[in-house]
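Below you'll find the structure, written out as structure tokens, and then a few comments.
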Amino acid sequence: MILRRERVELKTPAQIRAMRASGLVTARALAAVREALTPGAVARDVDALAESVIRDAGARPNFLGYDGYPASICLSINDVVVHGIPQGQVLREGDVVSVDCGAVLDGWHSDAAVTVCVGEAQAHAEALVEVTRRALWDGVAAFASAARVGEIGAAVEASVRQAAPSFGVIRDYGGHGIGTAMHMDPDVLNYAARERGPRVRPGMVLAIEPMVVEREIAASVDTDGWTVRTVDGGLAAHWEHTVARTAAGVWVLTAEDGGATELAERGVVVAPL
Ligand code: MF3
Ligand code: CO
């Protein structure tokens, strides 16, 4: 048996409260962005809007400059799975647009993503978005009572498989620990694996972020070094929240209500700080 040292940053309740402040900035930026995702909107204007909301709150966009990333948000349209760079793309009615956004406030990082259909979209596109959103919340619900981090991915995968057996869950990208940096240990897979993952402990904060595609999960990176697309051209959706596990349960730091509404539907009572 291989013993592996777990290097997971555990936060105190006061530190989680500081992360909540960061999470609410990210939530506010995403709420503003959602309103702006209308036909004719230009991606770089959406990026500027997110950046201004984040800076007005006294925070900084943590994506900007990360590994040389050139924008404040990722904006991933249709067959783009993640890490699309907002530039001159013009949104059209029916597009499936995921927006990934993060902030750092007082040294504490938050990270969240939503996927929306621009105007009226085809039924299969709406279904993909909703199945992915539910998979995120099923993963968050699993985190509330999980003994091991691996239970989150098992719940995400089961959620998608049950809702839409023909959809695929992306395996090449996943969630992560978050805190004094955006990407920290542990990895948070979106599928069941033999490894059960590290033990879940009070003070653990994770970014849970399922990416789901209509068909084949094969994806490739564009020559820009960032944009990840499905190889078969199928649509992709991505939802993400930054979630704290405390001694009392979970609290979703990037959700206005801490996740109360969605988790209540799953029989989980949230644990405000
Ligand atoms: N939520 C994204 C992730 O965890 C954040 C990407 S930041 C970027 O992969 F700078 F790399 F775009
Ligand atoms: Co993330």
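Note that the structure is a prediction, hence the values are computed from the model and not measured. Numbering of ligands and ligand atoms starts at 1, following listing order. Below, all heavy atoms of this structure are taken into account, side chains as well, without hydrogens, waters or symmetry copies.
Of the N or O atoms in His83, one or more lie within a sub-3.5 Å distance of an N or O in ligand 1.
Restricting Glu209 to its N, O or S atoms, the one at the least distance from the Co ion (ligand 2) is OE2. Taking the N/O/S atoms of Asp111 in turn, the shortest distance to the Co ion (ligand 2) belongs to OD2.
With hydrogens and angles ignored, the 3.5 Å screen pairs a side-chain donor or acceptor of Glu93 with a backbone N or O of Glu120. No donor-acceptor distance shorter than 3.5 angstrom exists from the side chain of Ser72 to the backbone of Asp47, with no hydrogens or angles considered.
Below 4.0 Å from some heavy atom of Cys74 lie the following atoms of ligand 1, by number and element: 12 (F). Close approach to Met182 involves these atoms of ligand 1, each under 4.0 Å from a residue heavy atom: 7 (S). Against a heavy-atom cut-off of under 4.0 Å, His183 is close to the following atoms of ligand 1: 3 (C), 4 (O), 9 (O). Residue contact check: Glu240 has heavy atoms under 4.0 Å from atoms 1 (N) of ligand 1.
When distances to the Co ion (ligand 2) are checked against a cut-off of 2.8 Å, His183 contributes no N, O or S atom below that limit. Here Glu240 reaches the Co ion (ligand 2): one of its N/O/S atoms is less than 2.8 Å from the metal.
Counting non-hydrogen atoms of other residues, nucleotides and ligands closer than 6.0 Å to CZ of Arg196 gives a total of 12 or fewer. More than 12 heavy-atom neighbours from other residues, nucleotides or ligands sit within 6.0 angstrom of CG on Asn78.
Using a cut-off of 4.0 Å between Lys/Arg side-chain N and Asp/Glu carboxylate O, Arg134 and Glu265 are scored as not salt-bridged. Taking a cutoff of 4.0 Å between a charged side-chain nitrogen and a carboxylate oxygen, Glu151 and Arg148 do not qualify as a salt bridge.
Here the shortest heavy-atom distance to atom 2 (C) of ligand 1, taken over Asp100, Ile73, Asn62, belongs to Asp100.
Of the candidates His83, Glu209, Arg133, Glu209 is the only one forming a side chain to side chain donor-acceptor pair (under 3.5 Å) with His238.
Residue contacts with ligand 1, taken as heavy atom pairs separated by less than 4.0 Å, involve Phe63 via backbone and side-chain atoms alike. Contact annotation: for Trp226 versus ligand 1, heavy atoms closer than 4.0 Å belong to the side chain alone.
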Determine whether Tyr66 and His183 satisfy the following criterion, ring-ring contact (aromatic ring centres under 6.0 Å, His included), listing intermediate values before the conclusion. CA-CA 10 Å; Tyr66 179 90; His183 289 146; 5.1 Å; yes
